[in-house]
Colleague: 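Structure provided below as structure tokens; questions to follow.
Throughout, a chain's letter reflects where its sequence line sits, starting with A, and its residues are numbered from 1.
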Number of protein chains: 2
Amino acid sequence: MTKEEKRFQEKIKAIQDTMFVLGGKWKLPIILSIYSGNKRFNDISNAIPKITNRVLSKELKHLEENLLIKRTVIDDYPVRIEYAVTDYAFGLEEVIKPMESWGKKHRKKISGK
Amino acid sequence: MTKEEKRFQEKIKAIQDTMFVLGGKWKLPIILSIYSGNKRFNDISNAIPKITNRVLSKELKHLEENLLIKRTVIDDYPVRIEYAVTDYAFGLEEVIKPMESWGKKHRKKISGK
DNA sequence: AGATCAGGTATCCTTTTGGATACAGGTATC
DNA sequence: GATACCTGTATCCAAAAGGATACCTGATCT
């Protein structure tokens, strides 16, 4: 493999990592929903009506593993669980802004083709 | 739906559009392979050994529809087909650079958790 | 004791994405 | 006329992502 090929492989891997973290149907809606103030499992579930419990649960785990949200057990009676976006998640701005802006430009380009 | 919710919906749609265009296992490798000088179907197929004809063909169509590559029929004998990245594709730089850089940072963050 | 609620799991199913293999159609070559 | 090359297409299959529905656990409420 040439040097250039290796650089490309790493570039591809990094970009695909980003898409692995944010990709799929629900990860962004969930992050933004929690950011908007929905802290509890059922709050989020109601705010995003079409997601099922199974998928919400899996996605929350994924986001927690990737340090974008934090799950806190609050130990009064009854025990509550609260989700919050982390400070680290705010670092996403640097990538989601360009993705949003390219996506918008691209939609215009394609629709007016 | 509140104003804020609507803004979020549009943000999400735009970001997911970007991921629709670039996402999946092969789209970036194909773009970079063509950019590196592989113009013919079989060149690309050989440069990316694990892709099958079926998938390569589908992905080339997707990239062409999204104006990132151009397919040209060259009419001597035998007829050849040449693929090239478009000028428009160079505009991806503004989005793939931040995606690459966030992806790299994130991998470090996660692996050293 | 029985009902209720929060925060999920468990099981099964459908859709989407990608892979394996064969081969087709048009031209050129032997 | 048979054979080979190029650019795909056709058919079938496997894996991954997502959806529907039921249910569980631990606590509190009546």
Colleague: Which atom names give the shortest non-hydrogen contact between A:Val85 and A:Tyr35, and what distance separates them?
Modeller: CG1-N, 3.8 Å
Colleague: Does A:Glu64 pair with A:Arg71 as a salt bridge, N-O distance under 4.0 Å?
Modeller: no
Colleague: For B:Arg54 and for A:Tyr83, locate the closest nucleotide of DNA chain C by heavy-atom distance; then report the residue assigned to the nucleotide nearer the 5' terminus.
Modeller: A:Tyr83
Colleague: Taking atom NZ of B:Lys11 and atom CG of A:Leu28, what is their separation to the nearest 0.5 Å?
Modeller: 9.5 Å
Colleague: Does A:Ser111 use its side chain to pair, donor to acceptor, with the backbone of A:Arg107 at less than 3.5 Å?
Modeller: yes
Colleague: Spell out, as yes or no, whether a donor-acceptor pair under 3.5 Å connects the side chain of B:Thr86 to the backbone of B:Leu67.
Modeller: yes
Colleague: Find the distance A:Leu56:CG to C:dA6:P and express it as a whole number of Å.
Modeller: 14 Å
Colleague: Looking at B:Trp26, I'd like to know whether one of its side-chain N or O atoms comes within less than 4.0 Å of OP1 or OP2 on C:dT17.
Modeller: no
Colleague: Rounded to the nearest Å, what distance is computed from the CE atom of residue B:Met19 to the P atom of nucleotide C:dT16?
Modeller: 18 Å
Colleague: When you check the gap from the basic side-chain N to the acidic O, do A:Lys104 and A:Glu100 get nearer than 4.0 Å?
Modeller: yes
Colleague: Which whole-number value in Å describes the distance from A:Glu64 CD to C:dG7 P?
Modeller: 14 Å
Colleague: Within 45° of the ring axis of B:Tyr83 and under 6.0 Å from its six-membered ring centre, is that where the NZ or CZ of B:Lys70 lies?
Modeller: no
Colleague: Side chain of A:Arg71 only, heavy atoms from C-beta on: which candidate in C:dA20, C:dT9, C:dG7 is closest?
Modeller: C:dG7
Colleague: Considering only NZ, NE, NH1 and NH2 on the basic side and carboxylate oxygens on the acidic side, decide whether A:Lys105 and B:Glu94 come within less than 4.0 Å.
Modeller: yes
Colleague: Among residues 28-45 of chain A, which residues get a heavy atom nearer than 4.0 Å to DNA chain D?
Modeller: none
Colleague: Can you check the B:Asp75 CG to C:dG26 C1' distance for me, whole Å?
Modeller: 12 Å
Colleague: Describe the nucleic acid contact of B:Lys58 in one word from base, sugar-phosphate, nothing, applying a heavy-atom distance below 4.0 Å.
Modeller: nothing
Colleague: Take atom NE2 of B:His62 and atom P of C:dT17, then tell me their distance rounded to the nearest Å.
Modeller: 10 Å
Colleague: How many whole angstroms separate atom NZ of A:Lys25 from atom C1' of C:dT16?
Modeller: 11 Å
Colleague: Between atom CG in B:Leu60 and atom P in C:dG18, what is the gap in whole Å?
Modeller: 14 Å
Colleague: Applying the Watson-Crick and G-U wobble criteria at under 3.5 Å, what pairs with C:dT29? Answer none if nothing qualifies.
Modeller: D:dA2
Colleague: Roughly, in whole Å, what's the span from CG in A:Asn53 to P in C:dT9?
Modeller: 10 Å
Colleague: If you walk 5' to 3' along DNA chain D, what is the first nucleotide with an atom under 4.0 Å of a heavy atom in chain B, and what is the last?
Modeller: D:dC6 to D:dT11
Colleague: Tell me what A:Lys50 touches on the nucleic acid: a base, only sugar-phosphate, or nothing, going by heavy atoms under 4.0 Å.
Modeller: nothing
Colleague: Taking all heavy atoms of A:Ser36 and all of B:Phe8, pick out the closest pair and write down the distance.
Modeller: OG-CE1, 3.1 Å
